[in-house]
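Comments concern the structure below.
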Amino acid sequence: MGFWSLALLALTPILTVLLLLVILGWPAKRAMPLAFLMTGLVAIFFWGVPYNYVAAASTKGVVTALEVLFIVFGAVLMLNTLRESGAIHTIRAGFTTITPDRRIQAIIICWLFGSFIEGASGFGTPSAILAPLLVAIGFPAMAAVLSALIIQSTPVSFGAVGTPILIGVNSGLSGAPNVAEQAAALGMTTDEFIRSIGGQVAIFHGMIGVFLPLVLVMMLTLFFGEKRSIWAGLEVWKFALFAGLAFTVPYALIANVLGPEFPSLFGGLIGLAIVVPAAKKGWFMPKKSWDFPPLSKWEQDWMGMLSADPLTKPTISMFKAWFPYILIGFILVITRMDALPFGAALKKVAITIEQVFGTTIDISSTPLFLPGTIMVAVSVVGYFLYKMDRSSYRTAVSNSAKMIVSAAPALLFAVPMVQVFINSGVNANGYESMPLLLAEGVSKMVGEHWPVVAPVVGALGAFIAGSNTISNMMFALFQFGAAENVGISPATIVALQAVGGAAGNMICVHNVVAAAAAAGIIGKEGVLIRKVLLPLTYYLVFAGGLGYVAIHGFGLHIGTLFVATVLLVFLIMILKYQRKAKLANIENNKKVSTL
């Protein structure tokens, strides 16, 4: 079979997901079983993957799906514990004290607090934590999930204390002689070379991420504002850019000085320390506060099984209310740092199955190390901390379990589909795995314009695999080789791979399903993916343009065009908003003088 015929077949599983979820709008619980079946058929009958490998990969996927479900359960249980105890009323009142403006709340909770959680834990945990928290303080469920997914980008490359770089890129490049030669030519060890790639990743992310809070609020007001307009989002452009810089500047500096372990973690904390006091003092804040339309005007698609908590006078102190999340963050940090013994101790309890069904595929799970276990344990601490009665806590557990049961069918097919797709490299026909063959097809089509496409390949890997780390493992060496073939900097291309892989987390199916499940909007995954495609496109176009400029310099080429277009679009929107605001002020002054 010819190369292009194989490439088209390899694309079939992805096209199936896009057709059913995004175009036809099927719920994931219906779409993913069919996508899994299609992937299995292509793997067995066209690739020649043995049945036992398909079964082993599927089993590994089921185990991973159960781990994801447990993380979501822990996040929802934590929220329901706060809700049943009354602590959520204090948290809601606290955000109202900072500002009642939903745009500012989204920036603080998602962009800054979410980046901190991503830096500590990664693997989709921020979406699972943030989405239900936003619903509890009054966001529509759809808006909460959209906000949580959009920030699954800039901080992701350094999530879980640098795992996508230290494990993902490192595993993808380790052992390759051409990588060692490149590092030696630059006077570096391979480890130093990997860390230098991490530094480039942070610079690319930093430049793109400056505008991400502004993109976030524009998406909120466009899809969920009463007037459905981006202009309400542009009202906070000064604050959004301020918050963007407050995170990305320390983030990029830390990555290039300390390494990949702490940029998102410390960047989020430093950003919170700068932005929250500034918001309280009214710096860069809009004159008028913005809120969602009244509940009676919310569309049916916006709402889910969770609901906002009523405005009730708090009875629990602010520190006590936030203590469970503080404790979760602290435990995640100390258990993810290799220099401390706590993570290793938790990993000693491991469930391992080697050579599943006689294959080379191994399954390993460390249940105590999962963020879900930490969140469940902290929920129990909350039971005693808030002196809850047994009936209230049983309600919290029961409601959380019901939500997970509704999310399970989609994930139990989505993740096995991914594993079959990734493990298709073991076959009777001697073909490359489906994702690698797809990437090779893209490289043949674009040639010297590869810097523009490198982030797209990374995003494709994350969409398929559900992880920036796995995307980097799959494609880092391929990206390195593609760069060498066209005579451009391999380190910069691998950095663009990591940037695209991070951005792809916005739309990866199991992240979307998990976040939707946490907010109680099962079945609306396709709608969410369609909405998130806008910020994803911004991220990939800007990354590709910056990468091209980094390699070829400024000049009359596609990279400069991409970068200039993105910056001009933002500049024109801000200037147009400023003009509209000025005209509105003149009109208001005329009315006042007439009166």
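All values below were derived from every heavy atom in this structure, side-chain atoms included, with hydrogens, water molecules and symmetry-related copies excluded.
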Task: Ser471: partners by side-chain hydrogen bond (donor to acceptor under 3.5 Å, both in side chains), with sequence neighbours left out - done: Gln497
- [ ] Could you check if a side-chain atom of Phe73 sits within less than 4.5 angstrom of a side-chain atom of Val376, using non-hydrogen atoms only?
- [x] yes
TODO: Verify the ring-centre separation between Phe158 and Tyr251: is it less than 6.0 angstrom?
DONE: yes
Task: Residues in ring pair (Phe, Tyr, Trp, His ring centres under 6.0 Å) contact with Phe475, at least two apart in sequence or another chain - done: none
TODO: Mind checking the CG-SG spacing from Leu460 to Cys508? Nearest 0.5 Å is all I need.
DONE: 12.0 Å
- [ ] Could you tell me which non-hydrogen atom of Pro535 sits nearest to which non-hydrogen atom of Val215, and how far apart they are?
- [x] CB-CG1, 3.8 Å
Open item on the list: According to ring pair (Phe, Tyr, Trp, His ring centres under 6.0 Å), who are the partners of Tyr539, at least two apart in sequence or on a separate chain?
Closed with: His205
Task: Option from Leu82, Asn80, Ile328, Leu77 for which side-chain contact (heavy atoms from CB on, under 4.5 Å) with Ser379 holds - done: Leu77
Task: Side-chain (Ser157) to main-chain (Ala498) donor-acceptor, under 3.5 angstrom - done: yes
- [ ] Please round to the nearest 0.5 Å and tell me the distance separating atom CZ of Phe357 and atom OH of Tyr53.
- [x] 13.0 Å
Task: Side-chain touch Phe247/Leu112, heavy atoms, less than 4.5 angstrom - done: yes
Task: Euclidean distance, Phe204 CZ relative to Leu546 CG, rounded to 0.5 Å - done: 6.5 Å
Open item on the list: With heavy-atom distances below 4.5 Å as the criterion, would you say the side chains of Val145 and Lys524 are in contact?
Closed with: no
Task: Interatomic distance, Leu11 atom CG to Thr16 atom OG1 [nearest 0.5 angstrom] - done: 9.0 Å
Open item on the list: Between Phe570 and Phe211 (judged by ring centroids, cut-off 6.0 Å), do the two rings come close enough to count as a pair?
Closed with: yes
Open item on the list: The test is side-chain contact (heavy atoms from CB on, under 4.5 Å); show your working for Val452 and Val446 and say whether it passes.
Closed with: CA-CA 9 Å; Val452 172; Val446 299; over 6 Å; no
- [ ] Taking all non-hydrogen atoms of both residues into account, name the closest pair between Val49 and Ser424 and its distance.
- [x] CG2-O, 3.7 Å
TODO: Given ring pair (Phe, Tyr, Trp, His ring centres under 6.0 Å), test Phe113 with Trp322 step by step and report yes or no.
DONE: CA-CA 12 Å; Phe113 180 59; Trp322 272 103; 5.7 Å; yes
Open item on the list: Holding to side-chain hydrogen bond (donor to acceptor under 3.5 Å, both in side chains), I want the full list of residues that pass it with Glu440, two or more places apart in sequence or in another chain.
Closed with: none
- [ ] Could you pull out the closest heavy-atom pair between Ile230 and Met573, with the gap in Å?
- [x] CD1-SD, 3.6 Å
Open item on the list: Ignoring hydrogens and geometry beyond distance, is a side-chain donor-acceptor pair present between Glu67 and Ser365 at under 3.5 Å?
Closed with: yes
- [ ] Would you check if Leu220 and Ser147 make a side-chain contact, meaning some heavy-atom pair closer than 4.5 Å?
- [x] yes
Task: Min side-chain heavy-atom separation Leu212-Ile208 under 4.5 Å - done: no
Open item on the list: Suppose we screen for salt bridge (Lys or Arg N to Asp or Glu O under 4.0 Å). Which residues come up paired with Asp291, at least two apart in sequence or across chains?
Closed with: Arg102
Task: Distance, nearest 0.5 Å, that separates CE of Met434 from CG of Leu6 - done: 10.0 Å
Task: Side chain Asn505, main chain Gln152, donor-acceptor under 3.5 Å - done: no
- [ ] Would you check if Leu146 and Met142 make a side-chain contact, meaning some heavy-atom pair closer than 4.5 Å?
- [x] no
Open item on the list: Given 3.5 Å as the limit, does a donor-acceptor pair link the side chain of Thr373 with the main chain of Pro367, or not?
Closed with: yes
- [ ] Please round to the nearest 0.5 Å and tell me the distance separating atom CE of Met506 and atom CG of Asn511.
- [x] 11.5 Å
Task: Minimum heavy-atom distance between Val54 and Ala43, given as atom pair plus value - done: CG2-CB, 4.4 Å
TODO: Decide if atom CZ of Phe46 counts as having more than 12 heavy atoms of other residues, nucleotides or ligands within a radius under 6.0 Å.
DONE: no
Open item on the list: Which heavy atom of Leu437 sits nearest to which heavy atom of Trp47, and what is that distance?
Closed with: CD1-CZ2, 4.2 Å
- [ ] Check whether any side-chain N or O of Ser229 sits under 3.5 Å from a backbone N or O of Gly225 as a donor-acceptor pair, and report yes or no.
- [x] no
List the atom pairs, donor and acceptor, that lie under 3.5 Å between side-chain atoms in residues 17-39 and the rest of the protein, sequence neighbours left out.
unit_1	atom_1	unit_2	atom_2	d
Thr39	OG1	Ala35	O	2.8

Open item on the list: Tell me if a side-chain donor or acceptor on Ser115 pairs with a main-chain N or O of Ser264 at a distance below 3.5 Å.
Closed with: no
TODO: Apply the side-chain contact (heavy atoms from CB on, under 4.5 Å) test between Phe463 and each candidate in Val512, Leu536, Ile507; give the one that qualifies.
DONE: Ile507
- [ ] With side-chain contact (heavy atoms from CB on, under 4.5 Å) as the test, would you mind laying out the steps for Ile422 and Ser433 before giving the verdict?
- [x] CA-CA 6 Å; Ile422 291 171; Ser433 67; over 6 Å; no
Open item on the list: A side-chain contact here means heavy atoms from C-beta on lying under 4.5 Å apart; do Val509 and Glu525 qualify?
Closed with: no
- [ ] Walk me through it: do Thr335 and Ile374 pass the test side-chain contact (heavy atoms from CB on, under 4.5 Å)?
- [x] CA-CA 10 Å; Thr335 54; Ile374 293 166; 4.2 Å; yes
Task: Student check: side-chain heavy atoms of Lys297 and Glu226 closer than 4.5 Å - done: yes
Open item on the list: Could you report the tightest heavy-atom contact between Ser153 and Ala502, atom names first, then the distance?
Closed with: O-CB, 3.3 Å
Open item on the list: Is it the case that the side chain of Thr359 and the backbone of Ile361 share a donor-acceptor pair, with hydrogens and angles ignored and the cut-off at 3.5 Å?
Closed with: yes
- [ ] For Ile109 and Leu134, run side-chain contact (heavy atoms from CB on, under 4.5 Å): C-alpha distance rounded to whole Å, both residues' side-chain angles, the deciding distance at 0.1 Å, then the answer.
- [x] CA-CA 8 Å; Ile109 295 173; Leu134 289 171; 3.7 Å; yes
Task: N/O donor-acceptor pair under 3.5 Å between Asn427 side chain and Gly425 backbone - done: yes
Open item on the list: I'd like to know if the side chain of Asn472 reaches the main chain of Pro164, judged simply by a donor and an acceptor atom lying under 3.5 Å from each other, with no hydrogens or angles considered.
Closed with: yes
Task: Check: Arg103 side chain, Met218 main-chain N or O, donor-acceptor pair, under 3.5 Å - done: no
- [ ] Please confirm whether Trp290 and Phe292 have ring centers closer than 6.0 angstrom.
- [x] yes
Open item on the list: For Phe139 together with Trp302, are the ring centres under 6.0 Å from each other?
Closed with: no
